[in-house]
Amino acid sequence: MQIFVGSTAYEVDAATSVESLKLMIENSEFVPSHQICLMNGATILEEGSLEENDIEEEDMLQMRLAVNAGMRKKWKKKRMRRLRRKRRKMRQRAR
């Protein structure tokens with residue numbers, strides 16, 4: 001069966017796993033497979049086969065990058081240190 005991810009078509013079986021589809025996308029789009037997030041409508045495809053996730057012939061999947069949110073510890077530590085110094089300075093001025 002044929003599946004469209006973005007504007008690219010992939011020839012897969014119904015028993016193809018989501019992980020192997022991510023590897024196919026990685027080989028053609030040069031995006032690391034651990035950063036690929038596939039969506040069919042509002043559902044996110046994480047594991048299992050395409051058949052288990054109700055993917056049919058000529059379905060169009062959306063590919064998004066799975067980005068982890070949050071500050072890096074180093075930057076957070078540096079920012080907190082600056083804020084502490086600033087607060088200390090403001091307290092001294094208020095006296």
Practice task
List the steps, then state whether side chain to side chain contact (heavy atoms under 4.5 Å, CB included) holds for Met1 with Asp13.
Solution key: CA-CA 6 Å; Met1 73 184 195; Asp13 296 328; over 6 Å; no
Practice task
Answer with yes or no whether the hydrophobic clustering places Ile3 together with Val31; edges join I, L, V, M, F, W, Y residues whose side-chain heavy atoms lie under 4.5 Å apart.
Solution key: yes
Problem - Flag, side chain of Glu29 to backbone of Glu26, donor-acceptor distance under 3.5 Å - result: no
Exercise for the section: Flag yes if Leu65 and Leu23 sit in one hydrophobic cluster, no otherwise; membership is Ile, Leu, Val, Met, Phe, Trp, Tyr, and two members link when side-chain heavy atoms are under 4.5 Å apart. Expected result: no
Handout entry: Main-chain N/O of Leu50 paired with Asn53 side-chain donor or acceptor, under 3.5 Å
Key = no
Practice task
Could you verify whether a donor N or O on one side chain and an acceptor N or O on the other, from Ser28 and Tyr10, lie under 3.5 Å apart?
Solution key: yes
Exercise for the section: Report yes if some heavy atom in the side chain of Val12 is under 4.5 Å from a heavy atom in the side chain of Ile55; otherwise report no. Expected result: no
Fill in the blank from the handout: All heavy atoms of Gly6 vs all of Met60, minimum pair found to be O-CE, 3.0 Å
Practice task
Evaluate the side chain to side chain contact (heavy atoms under 4.5 Å, CB included) criterion for residues Arg82 and Lys86: first the C-alpha distance (whole Å), next the side-chain angles of each, then the deciding distance (0.1 Å), finally the verdict.
Solution key: CA-CA 6 Å; Arg82 284 183 188 155; Lys86 190 175 182 180; over 6 Å; no
Exercise for the section: Report yes if some heavy atom in the side chain of Lys89 is under 4.5 Å from a heavy atom in the side chain of Arg85; otherwise report no. Expected result: no
Completion exercise
Hits for side chain to side chain donor-acceptor pair (under 3.5 Å) against Gln35, two or more places apart or cross-chain, chain-then-number order -> none
Expected list for residues 36-48: side-chain donor-acceptor pairs under 3.5 angstrom, two or more places apart:
{"from": "Thr43", "atom 1": "OG1", "to": "Asn40", "atom 2": "O", "distance (Å)": "2.9"}

Handout entry: Distance in Å, Glu56 CD paired with Glu51 CD, rounded so as to fall on 0.5 Å steps
Key = 10.5 Å
